[in-house]
Q: 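Submitted below is the structure of interest, expressed as structure tokens.
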Amino acid sequence: MPKFVTIGYGDRAGYDRTAEAVRDAAHAHDAELLAGGALMGIAGTPVQVRNPDAASVETKDGPFLSSALPVAGFAVIEAVDLAEAIDMVSRSPCAVAHGVVEVWPLETP
């Protein structure tokens, strides 16, 4: 079955202004995705890694990309197709709490 990488963006302000019942339903939906085999996690602090010409590893704390909302979490899900993946994440906390979820098809070699 195809796999999709999802990236959830959201902040506390958006979460807090969402009705508690909506948040609770979103967390229950995430629990169902986890029970169904999704790999999910809350985003920690990133580290950028470079190794130009495979000569020396360089690291820098912090994200490479910036966005209006911080990265809140990641998931790897399985879905029949992109439409099903979109449906699956449309009920997640970031999607319902004034954030956004990106869905990236994971193409394996």
Side-chain angles (χ1 to χ4, degrees):
M1 184 169 311
K3 289 183 172 46
F4 298 85
V5 174
T6 70
I7 306 171
Y9 300 83
D11 62 12
R12 185 51 128 179
Y15 185 82
D16 288 345
R17 75 175 197 245
T18 303
E20 186 175 355
V22 173
R23 294 190 319 238
D24 289 348
H27 288 293
H29 176 69
D30 271 6
E32 290 174 15
L33 292 177
L34 278 168
L39 174 63
M40 303 174 91
I42 296 170
T45 304
V47 175
Q48 299 173 39
V49 179
R50 292 178 176 79
N51 188 4
D53 297 318
S56 64
V57 175
E58 304 166 3
T59 62
K60 180 179 178 185
D61 291 340
F64 177 69
L65 297 174
S66 62
S67 67
L69 292 170
V71 174
F74 301 92
V76 177
I77 61 173
E78 290 185 338
V80 171
D81 56 21
L82 181 59
E84 183 180 46
I86 290 169
D87 179 62
M88 290 169 69
V89 302
S90 70
R91 296 181 301 278
S92 69
C94 285
V96 302
H98 306 278
V100 63
V101 179
E102 293 179 339
V103 178
W104 294 66
L106 183 59
E107 298 176 9
T108 56

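All heavy atoms count here, side chains included; hydrogens, waters and symmetry mates do not. Quick caveat: nothing in here was measured; it's all calculated off a predicted structure.
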Q: Show me the pairs that pass salt bridge (Lys or Arg N to Asp or Glu O under 4.0 Å) and involve residues 47-71, at least two apart or across chains.
A: none

Q: With ring pair (Phe, Tyr, Trp, His ring centres under 6.0 Å) as the rule and sequence neighbours excluded, what pairs involving residues 53-102 come up?
A: none

Q: Test: side-chain hydrogen bond (donor to acceptor under 3.5 Å, both in side chains). Region: residues 64-81. Which pairs qualify, not counting sequence neighbours?
A: K3-E78

Q: Between side-chain atoms of residues 21-46 and protein atoms elsewhere (two or more places apart, or another chain), which donor-acceptor pairs fall under 3.5 Å?
A:
residue: R23; atom: NH1; partner: Y15; partner atom: O; Å: 3.2
residue: R23; atom: NH1; partner: T18; partner atom: O; Å: 3.0
residue: H27; atom: NE2; partner: Y15; partner atom: OH; Å: 2.8
residue: H29; atom: NE2; partner: M88; partner atom: O; Å: 2.5

Q: Please set out all donor-acceptor pairs under 3.5 angstrom arising from side-chain atoms of residues 100-109, sequence neighbours excluded.
A:
residue: E102; atom: OE1; partner: Y9; partner atom: OH; Å: 3.2
residue: E102; atom: OE1; partner: W104; partner atom: NE1; Å: 3.0

Q: Cluster question for you: counting only ILVMFWY and a side-chain heavy-atom cut-off of under 4.5 Å, with indirect links fine, are I86 and V5 together?
A: no

Q: For residues C94 and G10, report the shortest heavy-atom separation together with the two atoms involved.
A: SG-N, 4.3 Å

Q: To check you understand the geometry: which heavy-atom pair defines the closest contact between A79 and A85, and what is its length?
A: CB-N, 3.6 Å

Q: Partners of V57 by side chain to side chain contact (heavy atoms under 4.5 Å, CB included), sequence neighbours excluded?
A: V49, N51, T59

Q: Does anything in residues 7-20 pair up under salt bridge (Lys or Arg N to Asp or Glu O under 4.0 Å), and if so which pairs, sequence neighbours excluded?
A: R12-D16

Q: Would you say V76 ends up clustered with F4 if hydrophobic residues are merged whenever their side chains have heavy atoms under 4.5 Å apart, either directly or through other cluster members?
A: no

